[in-house]
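Okay, structure first, notes after.
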Amino acid sequence: MTRKLFVLNFAGALLYGQKKITDGTIYDQVKLRLANDPDVKGGGLDVEVKEGAVTVKGRVTTEKAKAKIEKLVRRVKGVKQVSNQVSVEPS
């Protein structure tokens, strides 16, 4: 009985110790990745995050950049869904 109680307390401590990933943290990480990517150059893109669902809006100049946006966003911890509403408008 004591052993089961220890295991439950340990598991509870692990869960309690984990930090919840907030929408603000996701937003910051997404903006950072998009802005620093040489293909996307996404500093001017609009990003919205709600309960881990990320929506990206704006314009890029190539299809490659648009496709890369989704890949970059999906790599951010805590992202559950991506809506890529970016349009391609060659300069």
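- Residues Asn84 and Val73 fail the side-chain proximity criterion, which asks for heavy atoms closer than 4.5 Å.
- Atom OG1 of Thr25 and atom NZ of Lys20 lie 10.5 Å apart (nearest 0.5 Å).
- Side-chain contact between Val88 and Thr61 is absent, with no heavy-atom pair separated by less than 4.5 Å.
- The heavy-atom pair separating Val82 from Glu70 by the smallest distance is CG1-CG, 4.0 Å.
- Without hydrogens or angle criteria, Asn36 side chain to Leu32 main chain gives a donor-acceptor distance under 3.5 Å.
- No side-chain heavy atom of Ile26 sits under 4.5 Å from any side-chain heavy atom of Thr22.
- Residues Val30 and Val49 have side chains not in contact (no heavy-atom distance under 4.5 Å, counting atoms from C-beta outward).
- Between the CD atom in Glu63 and the NZ atom in Lys68 there is a gap of 15.0 Å [rounded to 0.5 Å].
- At least one side-chain heavy atom of Lys77 sits under 4.5 Å from a side-chain heavy atom of Ile21.
- One distance of note links CD of Glu48 with OG of Ser83; it measures 9.0 Å at 0.5 Å rounding.
- Summarising the geometry, atom CG belonging to Leu34 is positioned 7.5 Å from atom NZ belonging to Lys31; distances are rounded to the nearest 0.5 Å.
- Separation of atoms CZ (Arg59) and CD (Gln85) is listed at 14.5 Å; rounding is to 0.5 Å.
- Note that CD of Gln81 and CD of Glu51 are 11.0 Å apart. Values are rounded to the nearest 0.5 Å.
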Can you check side chain to side chain contact (heavy atoms under 4.5 Å, CB included) on Asp39 and Thr62, steps first, answer last?
CA-CA 9 Å; Asp39 294 322; Thr62 65; over 6 Å; no
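- Between Val79 and Val76, some side-chain heavy-atom pair lies under the 4.5 Å cut-off.
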Begin with the C-alpha distance, continue with both residues' side-chain angles, and end with the deciding distance and a verdict on salt bridge (Lys or Arg N to Asp or Glu O under 4.0 Å) for Lys50 and Asp23.
CA-CA 6 Å; Lys50 185 171 182 180; Asp23 286 346; over 6 Å; no
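- Proximity of Val54 to Val56: side-chain heavy atoms (C-beta onward) are separated by under 4.5 Å at one or more points.
- Side-chain contact between Val47 and Thr55 is absent, with no heavy atoms from C-beta onward closer than 4.5 Å.
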